[in-house]
2 protein chains.
Amino acid sequence: MSAVQEDLTARARLRDAAIEGFAAGGFDESLRAIAARAGVSAGLVRHHFGSKELLRAECDATVLDRYRTLKTDSLKTEPAALFAQFPSSRESGILLVYILRSVRDGGSAGRLFLERMVEEALVFTKGAVTSGLVVPSRDEDARVRLLIHQAIGGLIVYFAMRPDTPLDDFVSVMEQFYAETMLPTLEIYTEGIFTDRTYLETYLAYIAETSSTPADLARKAP
Amino acid sequence: MSAVQEDLTARARLRDAAIEGFAAGGFDESLRAIAARAGVSAGLVRHHFGSKELLRAECDATVLDRYRTLKTDSLKTEPAALFAQFPSSRESGILLVYILRSVRDGGSAGRLFLERMVEEALVFTKGAVTSGLVVPSRDEDARVRLLIHQAIGGLIVYFAMRPDTPLDDFVSVMEQFYAETMLPTLEIYTEGIFTDRTYLETYLAYIAETSSTPADLARKAP
DNA sequence: CCCCAGACTATACATGCGAGTAGTCTCCTA
DNA sequence: TAGGAGACTACTCGCATGTATAGTCTGGGG
């Protein structure tokens, strides 16, 4: 039952089991199920964490921290392909699923994850623009936010259509995802979709005559 | 409490209240809350529908049907802007939120909605390609699926970040969404993102040497 | 050797859920 | 007007959950 390392303190095992359980079954996973996954009793959660909410908070913090280190590590090895971070191991797969679930459920943790990803992508994109790899945008911030939201959202939808993907098969499903989406993504990024500039120009004229800059229009959200 | 029409049979009121409640609070909305919204007792659900699952099934069917008529109606009036169907009323807003929730939660209803949208977009896109408005793709099916998944997923993320959007403000939030995303969307569709074709050509060469057509690669999913 | 703080378990409790049951009410019909 | 079928409610049951409490075990310091 337990896929959690044996040589950790029960507290750490419980935390890791919770992360895994939340990723596998959602944040409604019961304390009893989590405790069983860690091989301990349910009451121990309260002893160590106080409540389910506090356990969740510690899981959020742990995942955020691990995601950070994972990201910096992978940036050292690979040349950082745009918006494509393969989860290469079971552990990083769990992290990604946990994050996807967080964003999907819309809590403060999900908001934090998403905002971090937008920030990272923003500095990356700005660098790519100045080095001439990427076309500049009239509103870099809005473009990056859109791309991240759609990339994460596309993943959420993809896994929603495969509800019982086991965490162990996650990497292969992820490869499948890239195999299905890489070509159209590259096509769109390289060749666009529209054959002429009419739609864009029309919209630009429209927002010009409403006497607001695109950035103003785009940044009315909270 | 009830925002449901009074001059309907209790059964219809119950069904509409369930659709509204599912959209507002998710599919875990309790039968008691749904019944209260309809202004009747909880036991009446069982009397009319038999179980919560059957009520849900009837809601799914109703929403699917209403979505279909809504779509065909709007296609008569507007010239059918690409991938942009404004929900113009509170009722159609409820429908869209219900559908987004269905896709998000990954049930059979969500799969059905999504597949329908992909099909519709596919015929639309093929028409746009032959009439020269849209650049052809090496795999039309994969491109349309990607675009729909990302459009729906982007909406799911957008509303996940605004968890307590009341159904009555939905249309204004939707306008806000378009105001934030229209410009970068049109930019990408018109101008692409990459400044040169290296990434695409490299990937095309890669999938060519693995002796599979792009369509083969993309269509290994269930 | 003692003994006690902390890790841990077993069990109880309160709550909210979907489902089930029995009974009342109302309106249409014969 | 009698009666019955269906609409509808009040109540109950079993179950799962998070929380709370009381008690057991164990290892290290006096």
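The shown structure was predicted, so the numbers you read here are calculated from the model rather than taken from an experiment. Hydrogens, waters and symmetry mates play no part in the numbers below; they use all other heavy atoms, side chains included. So that the names make sense, note that chain A is the first sequence line, chain B the second, and so on, each numbered from 1.
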Query raised in the report: Which nucleotide, D:dT9, D:dT19, D:dG18, lies nearest any side-chain atom of A:Ser30?
Result: D:dG18
Report task. Using five base pairs at each end, measure the axis-to-axis angle across the helix from C:dC1-D:dG30 to C:dA30-D:dT1 and round it to 10 degrees. Result -> 30°
Report summary line: With sequence neighbours left out, the residues meeting ring pair (Phe, Tyr, Trp, His ring centres under 6.0 Å) with A:Phe49 are none
Report task. I would like to know whether B:Phe159 and B:Phe170 meet ring-ring contact (aromatic ring centres under 6.0 Å, His included); could you show each step before the answer? Result -> CA-CA 10 Å; B:Phe159 280 100; B:Phe170 182 79; 5.0 Å; yes
Checking [X] now: which residues fulfil salt bridge (Lys or Arg N to Asp or Glu O under 4.0 Å) with it, not counting sequence neighbours?
{"X": "B:Glu115", "value": "B:Arg145"}
{"X": "B:Glu120", "value": "B:Lys71"}
{"X": "A:Arg66", "value": "A:Asp16"}
{"X": "B:Glu140", "value": "B:Arg143"}

Could I get a table of every N or O pair under 3.5 Å where one atom is in the protein and the other is in nucleotides 20-22 of chain D?
unit_1, atom_1, unit_2, atom_2, d
D:dA20, OP2, A:Arg46, NH1, 2.4
D:dA20, OP2, A:Arg46, NH2, 3.4

Mind calculating the distance between [atom1] ([X]) and [atom2] ([N]) to the nearest angstrom?
{"X": "A:His47", "N": "D:dT26", "atom1": "NE2", "atom2": "C1'", "result": "13 Å"}
{"X": "A:Phe27", "N": "D:dT17", "atom1": "CZ", "atom2": "P", "result": "17 Å"}
{"X": "B:Leu14", "N": "D:dA7", "atom1": "CG", "atom2": "P", "result": "12 Å"}
{"X": "A:Asp28", "N": "D:dT17", "atom1": "CG", "atom2": "P", "result": "10 Å"}

Going by the rule side chain to side chain donor-acceptor pair (under 3.5 Å), which residues pair with [X] if we only count those two or more places apart in sequence or in a different chain?
{"X": "B:Asp168", "value": "B:Arg90"}
{"X": "A:Ser137", "value": "B:Glu187"}
{"X": "A:Gln150", "value": "none"}

So what does [X] hit on the nucleic acid, given a heavy-atom distance under 4.0 Å: a base, only sugar-phosphate, or nothing?
{"X": "A:Val45", "answer": "nothing"}
{"X": "B:Leu31", "answer": "sugar-phosphate"}
{"X": "A:Arg32", "answer": "base"}
{"X": "A:Ala10", "answer": "sugar-phosphate"}

Report task. Walking along DNA chain C from 5' to 3', note the first and the last nucleotide with an atom under 4.0 Å from a heavy atom of chain A, and give both. Result -> C:dA7 to C:dA12
Report task. May I ask you to decide if the ring planes of A:Phe22 and A:Phe27 are parallel, tilted or perpendicular, using 30° and 60° as cut-offs? Result -> tilted
Could you list the donor-acceptor pairs under 3.5 angstrom formed by side chains in residues 99-106 of chain A, with sequence neighbours left out?
unit_1, atom_1, unit_2, atom_2, d
A:Arg101, NH1, A:Ala23, O, 2.4
A:Ser102, OG, A:Tyr98, O, 2.9
A:Arg104, NH1, B:Arg104, O, 2.8

